[in-house]
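Predicted model only: the values in this text are computed from it and were never measured. As a basis for the values below, the full set of heavy atoms in this structure was taken, side chains included, without hydrogen atoms, waters or symmetry mates. The chain is numbered in sequence order, starting from 1.
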Amino acid sequence: MPLALLALAVGAFGIGTTEFVIMGLLPEVADDLHISIPTAGHLVSAYALGVVIGAPLLAAATARLSRRTVLIGLMALFVAGNVLSAFAANYDYLLAARFLSGLPHGAFFGVGAVVATTMVAPERKARSVSLMFLGLTVANVVGVPAATLMGQHLGWRATFLGVSVIGVAAIASLAFLIPHDHVQAPAVGLRREMAALRSLPVWLALGTTVAGFGALFSAYSYITPMLTDAAGFAEGSVTLLLALFGVGATAGNLVGGRLADHSLRGTLFGGLTSLAVVLALFPVLMTTEWTAALAVILLGVAAFVTGSPLQLMVMEKASAGPSLASSANQAAFNLANAGGAWIGGLALAAGFGATSPALAGAVLAVLGLGVAATAATVDRRRAVPGRERVVAAHVPEQAPALRP
């Protein structure tokens, strides 16, 4: 695997850290800015809104620029957002800075995934995407706990300055490690990128992402009350258990990337089926502490097995213009975050019990399987005789990796 994937992983690590660390620092932020914790919670929503808006918008706006330049520019915007967060004078400025920090998130992962796949042989595409996403999953194991600890001892502003340093390191890595074949602007223009989004298979792939990861966030958004109210854990143990989720997500991401290179569709179906089964078993698994800890790990594994296949599926369905579709898939991930949390909250508010959000997630995972099955049917009807793979034509620009 090219060393340039390390640069993408460093950027993903910084983005993953800043996205999730705010959740652990809400009390500190609320106390310092003299606001309520629910009001501080809007900082999470502001970031997610930035991702959803920025992913397709920035990908479209930069379609004619070299992908190397785009990645460096997006990371510079990320650094700016975090520096402004660190020096925000009040809540309104911090809210705007968090929105700014979220803008480059989706486009970075979208364009980065395209760059990753063009640096490796066709049979290693999914693995290359999973290695970029490795930075995101490792952030949940190492970056978020370390940044949270920093914020609790040095102040929440120090956390955002620390994340900015990671962003600067990512810029340097991108500048030195991205191969020269990404210095020139891609041949695909904005018109072809936009045309690729008119494809039914692309929208079915995006729909699978929304339903599949909506299943994850339906449960994960309420994992703390499940662990404390149903499994009987003390609140102080939740941080360690969430780190176990990150370990499971990291393992699932790596396994999913390797398996998807052998069978993209099979890995996707297997991952969604596993996710539905794990979520359906939550009421049973959450009855004892050790089975609850196992459930958290299995949730991370099952959910992130599908991460790389879903990203690659969207890119291959939009092979004529993969950058915009790939970035749109990141917006779909964040829509899944918001939608899944809302659906899980409805189940909880209806009085169905502490583990009911997981059961709602199981239904969403089955829905994702249905959308994926529909996509497979569409593929079979459109299949070219003699084609071995059930995905669209591979992403063009399979230039060999060059030394930086």
Would you tabulate the side-chain donor-acceptor contacts of residues 10-19 under 3.5 Å, counting partners in other chains and residues two or more places apart, or write 'none'?
{"from": "Thr17", "atom 1": "OG1", "to": "Phe13", "atom 2": "O", "distance (Å)": "2.8"}
{"from": "Thr18", "atom 1": "OG1", "to": "Asn82", "atom 2": "OD1", "distance (Å)": "2.6"}
{"from": "Thr18", "atom 1": "OG1", "to": "Arg98", "atom 2": "NH1", "distance (Å)": "3.4"}

Distance check, rounded to the nearest 0.5 Å: [X] atom [atom1] versus [Y] atom [atom2]?
| X | Y | atom1 | atom2 | result |
| --- | --- | --- | --- | --- |
| Trp156 | Leu161 | CH2 | CG | 9.5 Å |
| Met315 | Thr118 | CE | OG1 | 8.0 Å |
| Leu268 | Thr306 | CG | OG1 | 7.0 Å |

Cut-off 3.5 Å, no hydrogens considered: what does the side-chain donor-acceptor table look like for residues 354-373, sequence neighbours left out?
{"from": "Ser356", "atom 1": "OG", "to": "Ala347", "atom 2": "O", "distance (Å)": "3.4"}
{"from": "Ser356", "atom 1": "OG", "to": "Gly353", "atom 2": "O", "distance (Å)": "2.7"}

**Side-chain ion pair, Arg124 and Asp261, N-O less than 4.0 Å** = no

**Request:** Measure the acute angle between the ring planes of Phe213 and Phe217, then classify it against the limits of 30° and 60° as parallel, tilted or perpendicular.
**Result:** tilted

Tell me which donor-acceptor pairs under 3.5 Å the side chains of residues 100-113 have, and how far apart each pair is, sequence neighbours excluded?
{"from": "Ser101", "atom 1": "OG", "to": "Gly81", "atom 2": "O", "distance (Å)": "3.3"}
{"from": "Ser101", "atom 1": "OG", "to": "Ala97", "atom 2": "O", "distance (Å)": "2.9"}
{"from": "His105", "atom 1": "ND1", "to": "Tyr47", "atom 2": "OH", "distance (Å)": "2.9"}

**Message:** Using a 3.5 Å distance criterion without hydrogens, assess whether the side chain of Thr117 forms a donor-acceptor pair with backbone atoms of Val114.
**Reply:** yes

**Check: Tyr93 side chain, Leu84 main-chain N or O, donor-acceptor pair, under 3.5 Å** = no

**Message:** So, using ring pair (Phe, Tyr, Trp, His ring centres under 6.0 Å) as the criterion, who are the partners of Phe282 when residues are at least two apart?
**Reply:** none

**Item:** Flag side-chain contact, heavy atom, 4.5 Å: Val296 against Leu227
**Value:** yes

Do you know which two heavy atoms are closest between [X] and [Y], and how far apart they sit?
| X | Y | answer |
| --- | --- | --- |
| Leu204 | Ala375 | CD1-CA, 3.7 Å |
| Ser218 | Ile343 | OG-C, 4.4 Å |
| Leu174 | Leu8 | CD2-CD2, 4.0 Å |

Pairs under 3.5 angstrom only: tabulate donor-acceptor contacts from the side chains of residues 283-290 to other protein residues two or more places apart or in another chain.
{"from": "Thr287", "atom 1": "OG1", "to": "Val284", "atom 2": "O", "distance (Å)": "2.7"}
{"from": "Thr288", "atom 1": "OG1", "to": "Thr291", "atom 2": "N", "distance (Å)": "3.4"}
{"from": "Thr288", "atom 1": "OG1", "to": "Thr291", "atom 2": "OG1", "distance (Å)": "2.4"}

**Request:** Can you sort out the partners of Asp32 under salt bridge (Lys or Arg N to Asp or Glu O under 4.0 Å), two or more places apart, ordered by chain and number?
**Result:** Arg157

